[in-house]
Amino acid sequence: MIRHAVHDGWHLTATAGPVPEDIAGRTVPAQVPGSAHLDLLAAGLIPDPYLDRVEEELVWAHRTHWRYATTVPADLAAAPADDERVDLVFEGLDTVATVEWGGHALGTTANMHRSHRFDVRALLDGAPADLAVAFRPAIEYAEEMQERLGARPRAYDHPMNMVRKMACSFGWDWGPDLQTAGIWKPVRLERWRSARLAEVRPLVTVADDGTGRAEVHAVLERSGLGDDTELTLTAEVAGRRAEVTVPAGATTATVTVEVPDARLWWPVGHGDQPLYDLAVTLGAKDPEPLDTYARRIGFRTVTVDTTPDAIGTPFTFVVNGKPIFAKGANWIPDDHFLTRVTRERLERRVDQALGAHMNMLRVWGGGIYESDDFYDICDERGVLVWQDFLLACAAYPEEAPFWDEFEAEARENVARLTPHPSLALWNGGNENLWGWMDWGWQERLDGRTWGLGYYTELFPRVVAELDPTRAYADGSPYSPRFAPEDKHPNDQDHGTRHEWGVWNRLDFTTYRDHIPRFCSEFGFQGPPTRATLSAWIHDEPLSPTSPAFLLHQKAEDGNGKLDRGLAPHLPEPRDFEEWHWATQLNQARAVAFGIEHFRSWWPRTAGALVWQLNDCWPVTSWAAVDGDERPKPLWYGLRHAFAPRLLTFQPREGRTALLAVNDTDDPWHGQLLLRRRSFGGEVLDSATISLDVSARSVAELDLSDSLVKPADAAREVLVATTDGARAVQLFAEDRDLAYDPDALTAEAVAVPGGYRIDVTATSFAHDVAILADRVAPDARVDDMLVPLLPGETHTFTVHTDARVDPASFTAPLVLRSANALHAPRRATR
Ligand code: BMA
């Protein structure tokens, strides 16, 4: 097998559609893999699509026809030998395309989530060949399908459910409506003889005696040229080799390698992540292999326990026999322009998930099957991956051509991802069962198909056939083993639940009204960091309702929900900068509030996946990390709330209890000091309790009335402290507290690599933060949202390459706290 990338010499032309005059018919160099928008950007023909209101200016691109063309040089187009096959392989075309070789149409495509292969042997004559890919607008194709098959309900304007293109390509409540087109994955020529490995599926299990097994299933394609001979299939892991003979004519084979005493792969926080190299070889008589396959595998078992219990149906991931609390987030494409997402960018993002003590990411169904890099990184770091099939918030037709396209993409991606130890679950899709139950779809569908066949028939069949080692769920949310009409998919007692009452309608304190078995989506919005805003939004004056800012807020009544979510908790912001800090702080508090509640109910609740880890452009959203990769205050809130050891005050039986959550393998012993204090520092009541929490469990500690009942609710705080953990409980909402707005003094000095800021409280200060990006765009602080008792000093460390006056880190808009929102009105108002 010889593979040649065909990535050179491509050009792009807008051939038809409502194209601006200066772009129509113009040919520009094209990056492959890439997309039309990025090529125009590189050619200086359009402004950056993420800037200000450029998204609106680019609407013409939705209905533009594009032509990518290159000349395949003579050496790559060499005439094949008699027994040689030559295939042109596109790993991914976005989306509705006709492929032409030397003027001959090879075929058409309409699914970006799968590859396409064309046999071009008969067309090669040794002369350079013209290769072209003509894209027509995906939206037009979707509209035609809608016309042909009948409209299906969906959560957004465009018919994203009528074409196999990333749903959020057409805009989402955090994403821009920039409908991409292009050759988005590698393209190559493959020259091969006799047979090739069309599919390799290492199914990895661990026997009770600790023997690791890699059962390698191969599907071969025979060339159909020359002799159809006997072949050998070999697999090798950790120096152990197994070989089988593949009889002439056979196109499937299985070879199994066993590794005694395999080192087990664990999710982060539960053990190490040993990975083993797997090498698979397809051979004939020649010493030179016909084809090879190399991946890393990890030995572990992973299941989801849904055995009915006294409450209902749990949803607990079990790795190597051990139940795991899933701490994590939902993952969306890390850049709307997918081809810009490098391995390094993915590493930084997954490392941010780890930094927030996460052990699971859910690849959400409105995005993509992620790149191999993504799953490799998760394998290396021990991040479990829950993978959705790509359907979200819509009814999907089951008629041709969709059924076959879904089957093709499911088969290809289930097979592709088999080697990854991190992959823990295949899931039917996002909120589609819920939509069918509650969003008025049934009337509108009027008997038309909506996707149930995919969730209950096609996907489980493909997973069972190609990867029986993986668990499958029909959807999220979903009540396992129940049809949606028999048990509501979002039932708190059964399976997974999305908690969206909070944010859409309800105050975040109502997270406590439900005890889901697994909360796979919940979240609250906040604006991006100030440096990210400054880079992309240039409204003068900048406000939550200024035009560009508003274009980067995609949620329905997003600002209204932000303000209504804030009002019960924090003083009303008096200017944009206050609004910015207050909404970011409220986002962090809301989500942390939910997490602490969910964790306090382990093992009844077995997972909390925040909506959402990342952003795909600069936008006000639920993300913890903004579109320019900067952590928002929420990220720090997650880090605290997901800490392996957590103290949290929670209501239990009408009283305030202290819950100690020990998500480690060691028992948690120690002395717990409880103090009710005035903001000024006076100790009003205190107690010492001994803490004794076994591994991976939660202990509930009763507290005396004298501790939990304040004399003056506006001026007191209850603090629980033990080695390495602290919880604070206030007795009123911040807006009703008598905080000292000037509770902090600070000193900053330059240190190697950045700055050190010592912040000291003279009165109780809540959620102390250094908003370092306001000083230098690259500056990152190590921690924030720190509570400080009077007399305490906290040292913040800021990493930055910038050389600035250290005092900038103690300026009022940079050194922030909840107290600061109580400051007297500034003159600038
Ligand atoms: C959930 C997700 C997304 C959406 C988010 C915020 O429903 O599945 O569809 O972006 O809520 O509204």
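Whatever order the structure lists them in is the order used to number ligands and atoms, beginning at 1. These figures come from a predicted structure and were not determined experimentally. In this chain, numbering begins with 1 at the start of the sequence shown.
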Exercise. Heavy atom of Trp503 under 4.0 Å from ligand 1?
Worked result: no
Problem set entry | Option nearest atom 2 (C) of ligand 1 (shortest heavy-atom distance, choices Gln612, Lys561, Glu521) | Glu521
For this session: Please indicate whether any nitrogen or oxygen in Glu431 is less than 3.5 Å from any nitrogen or oxygen in ligand 1.
Result: yes
Exercise. Salt bridge or not for Glu521 and Arg362, using N-O below 4.0 Å?
Worked result: yes
Problem set entry | Heavy-atom side-chain proximity of Cys519 to Tyr511 below 4.5 angstrom | no
Exercise. Counting only heavy atoms not in Asp486, do more than 12 fall under 6.0 Å of its CG?
Worked result: yes
Problem set entry | Contacting atoms of ligand 1, where contact means under 4.0 angstrom from a heavy atom of Trp172 | 3 (C), 4 (C), 9 (O), 10 (O)
Exercise. Asn614 side chain to Ile332 main-chain N or O, any donor-acceptor pair under 3.5 Å?
Worked result: yes
For this session: Give the single entry among Asn330, Asp173, Asn430 that approaches atom 8 (O) of ligand 1 most closely by any heavy atom.
Result: Asn430
Problem set entry | Test item, Cys393 contacting ligand 1 (heavy atom, 4.0 angstrom) | yes
Exercise. Short N/O distance, under 3.5 Å, between Tyr156 and ligand 1?
Worked result: no
Exercise. In this structure, are over 12 heavy atoms from other groups packed under 6.0 Å from Glu399 atom CD?
Worked result: yes
For this session: Using only heavy-atom distances, determine whether the side chains of His494 and Ser479 contain a donor-acceptor pair under 3.5 Å.
Result: no
